[in-house]
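Reading through the C-alpha cells given below for one structure.
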Amino acid sequence: MKIRLVNNGVFTPVDDIEQALTAPLEGFYWIDADVEDLAVLQPLFSLHDLAVEDCLSDEEQRPKIEIYESHYFIVVNSIRFDDEEIFLRALNIFLGRHFIITVTKQKINELRMLKPILWEQEVSQPDRLMYLLIDLIVDNYFLVGDRIEIRIEKLEEDILMHTKKSHLNEIIGLRSEILWLKKMLGPQKEVINTLNKKDLRLIDDQLQKYFSDVYENAVKIAETFDTYRDLMGNLREAYQSSIANRANEIMRVFTAITTVFMPLTVITGIYGMNFDHMPELHTRYGYFFVIGVMVTLGLTMFYIFRKKDWI
C-alpha cells in the first residue's frame with residue numbers, strides 16, 4: 001500500500017495511514033492499495049461492506065458506480081491485449097471528499113502512466129485524479145482496438161494467400177474475445193454516462209462536464225468493436241470460401257489428370273488383350289510406336305488444358 005499527499009501534482013509520501021483520515025490543508029490523499037489492504041482501510045475510512053465484498057470477490061465484476069454516504073465506489077475495467085488474448089482488469093475506486101483509494105488485484109499500466117499527468121496538470125483534487133484515470137483507461141481501448149484491427153487485416157491476408165485449418169481457430173477465438181469485450185463495454189458506458197449526467201456532490205460541476213467527452217469516446221469504442229465483430233463474420237465467410245475454392249482447385253487438377261490418362265488407359269487396354277491374332281503385336285517397332293502415340297497424346301492434352309487454364 002502506497003499513501004501519497006498530492007498537491008499541485010507534487011507527490012509527498014505518507015508513512016502514517018491515520019494522517020490520511022483528516023483533510024489536509026491543501027491537496028488530497030491518494031492511497032494505492034491491494035485487496036489485502038482493505039482489512040486495514042475499511043474500518044479507518046468507513047468503506048461500505050458491499051463495496052469491499054465486491055473487491056474481494058473472485059467473480060468477474062461488471063463496471064458500476066455505487067453512491068454511499070461518505071464516498072462513492074466505482075468499478076471500471078482496464079484493457080490489455082497480448083496478441084493472443086484480451087484481458088480486462090478491474091480497477092476499484094473509492095472516492096471521498098479528501099481522498100481517493102485505488103484497489104487492484106493485478107498491476108494496471110494506467111496507474112503508472114497517471115503520475116506525470118498529475119504533475120503536468122498540477123492536480124489538487126481527488127475527483128480530478130479519477131477523471132484523468134478513467135480518461136486514460138478509455139483512451140487505451142483505442143490503442144488495443146488498433147492492434148486488433150491490424151491482427152484482423154493480417155489474418156485476412158493470410159487466409160487469402162495461404163489458407164490453413166488453424167485460421168478457423170484464430171477466427172473463432174478472436175471473435176469470442178471481441179463479443180465478450182463488447183458485452184463488458186455496455187456497463188462501462190453507463191458508468192461514465194452516470195458520472196457525466198447525474199448530480200454527484202463529490203465531483204465538481206465543472207469537472208463533471210468533461211466526462212461527456214469520455215462518454216463520447218466510450219460510445220465510439222463500442223461502435224468500433226461492433227465493426228470488428230462484423231469483420232470477424234466476414235473473415236469466417238472468406239475462410240469457408242477459400243477452403244471451398246481450394247477444394248475445387250484440387251478436384252479440377254485431379255479431373256484434368258484423370259482426363260489425360262483416360263485415352264491412354266483405352267490404348268493400353270486394347271493392346272493388353274490376350275488375342276493370338278493381333279497383327280500389331282508382331283511388328284518390329286510396334287511397342288515404340290504405341291508409346292510415342294501415348295506420350296504425344298498425353299502432352300497434347302496437357303498443353304490444351306494449360307492453354308485453357310484448366311490446370
Side-chain angles (χ1 to χ4, degrees), residues 1-78 88-115 117-118 123-137 187-188 190-192 194-195 198-204 207-208 211:
M1 177 169 56
K2 296 180 180 178
I3 309 169
R4 308 177 183 92
L5 173 62
V6 183
N7 183 33
N8 291 326
V10 177
F11 288 68
T12 304
V14 175
D15 297 326
D16 186 3
I17 183 64
E18 293 190 1
Q19 181 180 335
L21 297 179
T22 57
L25 296 177
E26 293 182 332
F28 65 97
Y29 292 104
W30 176 20
I31 303 173
D32 188 16
D34 298 325
V35 290
E36 294 80 5
D37 299 320
L38 288 172
V40 176
L41 296 172
Q42 182 180 7
L44 292 176
F45 291 90
S46 301
L47 304 181
H48 199 278
D49 292 341
L50 292 177
V52 173
E53 183 180 339
D54 287 340
C55 293
L56 297 174
S57 175
D58 292 331
E59 296 181 3
E60 190 174 83
Q61 294 298 315
R62 288 165 56 90
K64 62 180 180 178
I65 178 170
E66 301 289 349
I67 310 298
Y68 299 115
E69 184 177 350
S70 62
H71 61 276
Y72 300 158
F73 176 61
I74 299 134
V75 180
V76 291
N77 283 324
S78 171
L88 290 181
R89 293 180 171 177
L91 172 62
N92 305 289
I93 302 173
F94 293 90
L95 178 68
R97 179 68 66 182
H98 70 279
F99 68 87
I100 184 169
I101 302 173
T102 53
V103 182
T104 58
K105 291 182 179 179
Q106 302 97 4
K107 291 183 178 179
I108 293 181
N109 290 333
E110 286 84 354
L111 290 173
R112 175 179 52 82
M113 298 164 56
L114 183 64
K115 297 175 184 177
I117 298 176
L118 296 178
V123 173
S124 295
Q125 296 297 329
D127 55 349
R128 181 76 177 178
L129 183 150
M130 184 186 70
Y131 158 72
L132 292 172
L133 181 55
I134 294 177
D135 188 41
L136 270 177
I137 289 173
Q188 186 135 310
E190 295 306 314
V191 169
I192 298 172
T194 300
L195 294 171
K198 191 171 182 179
D199 184 19
L200 302 171
R201 58 185 176 80
L202 294 181
I203 299 178
D204 183 82
L207 177 64
Q208 197 168 11
F211 279 103

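Below, all heavy atoms of this structure are taken into account, side chains as well, without hydrogens, waters or symmetry copies. Only a predicted model underlies this, so the values are computations on that prediction, with no experimental measurement involved.
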Practice task
Would you check if His48 and Glu69 make a side-chain contact, meaning some heavy-atom pair closer than 4.5 Å?
Solution key: no
Problem - Note, Ile101 side chain near His71 side chain (heavy atom, < 4.5 Å) - result: no
Exercise for the section: Examine Phe45 together with Phe99 and report whether their ring centres are nearer than 6.0 Å. Expected result: yes
Exercise for the section: Could you tell me whether the side chain of Ser57 and the main chain of Glu53 form a donor-acceptor pair under 3.5 Å? Expected result: no
Exercise for the section: Kindly indicate whether the side chain of Ile134, heavy atoms from C-beta on, has any atom under 4.5 Å from the side chain of Leu195. Expected result: yes
Exercise for the section: Please examine the side chains of Ile31 and Ile17, heavy atoms only from C-beta on, and report whether any two atoms are closer than 4.5 Å. Expected result: yes
Exercise for the section: Answer yes or no: is there a donor N or O on one side and an acceptor on the other, between the side chain of Asp54 and the main chain of Ala51, under 3.5 Å? Expected result: no
Problem - Sidechain-backbone polar pair: Thr104 side chain, Leu91 backbone, donor-acceptor under 3.5 Å - result: no
Practice task
For Asp127 and Leu200, run side-chain contact (heavy atoms from CB on, under 4.5 Å): C-alpha distance rounded to whole Å, both residues' side-chain angles, the deciding distance at 0.1 Å, then the answer.
Solution key: CA-CA 11 Å; Asp127 55 349; Leu200 302 171; over 6 Å; no
Exercise for the section: Could you tell me whether the side chain of Asp16 and the main chain of Glu18 form a donor-acceptor pair under 3.5 Å? Expected result: yes
Handout entry: Expected output: side-chain Tyr131 to main-chain Leu207 donor-acceptor under 3.5 Å
Key = no
Show me the side-chain donor-acceptor pairs of residues 20-28 shorter than 3.5 Å, one per line, residues at least two apart or across chains.
from	atom 1	to	atom 2	distance (Å)
Glu26	OE1	Asn7	ND2	3.3

Problem - Test item: Arg89 side-chain N/O and Lys105 main-chain N/O as donor-acceptor pair under 3.5 Å - result: no
Exercise for the section: Look at the aromatic rings of Phe73 and Phe94 and report parallel, tilted or perpendicular, splitting at 30° and 60°. Expected result: tilted
Problem - Validation row: Arg128, Leu118 side chains within 4.5 angstrom (heavy atoms) - result: no
Handout entry: From Met1 atom CE to Leu38 atom CG, the distance as rounded to the nearest 0.5 Å
Key = 9.5 Å
Problem - Within-4.5 Å side-chain heavy-atom neighbours: Ile100 and Ile93 - result: yes
Exercise for the section: For atom CZ of Arg62, decide whether the heavy atoms of other residues, nucleotides or ligands shown that lie under 6.0 angstrom number more than 12. Expected result: no
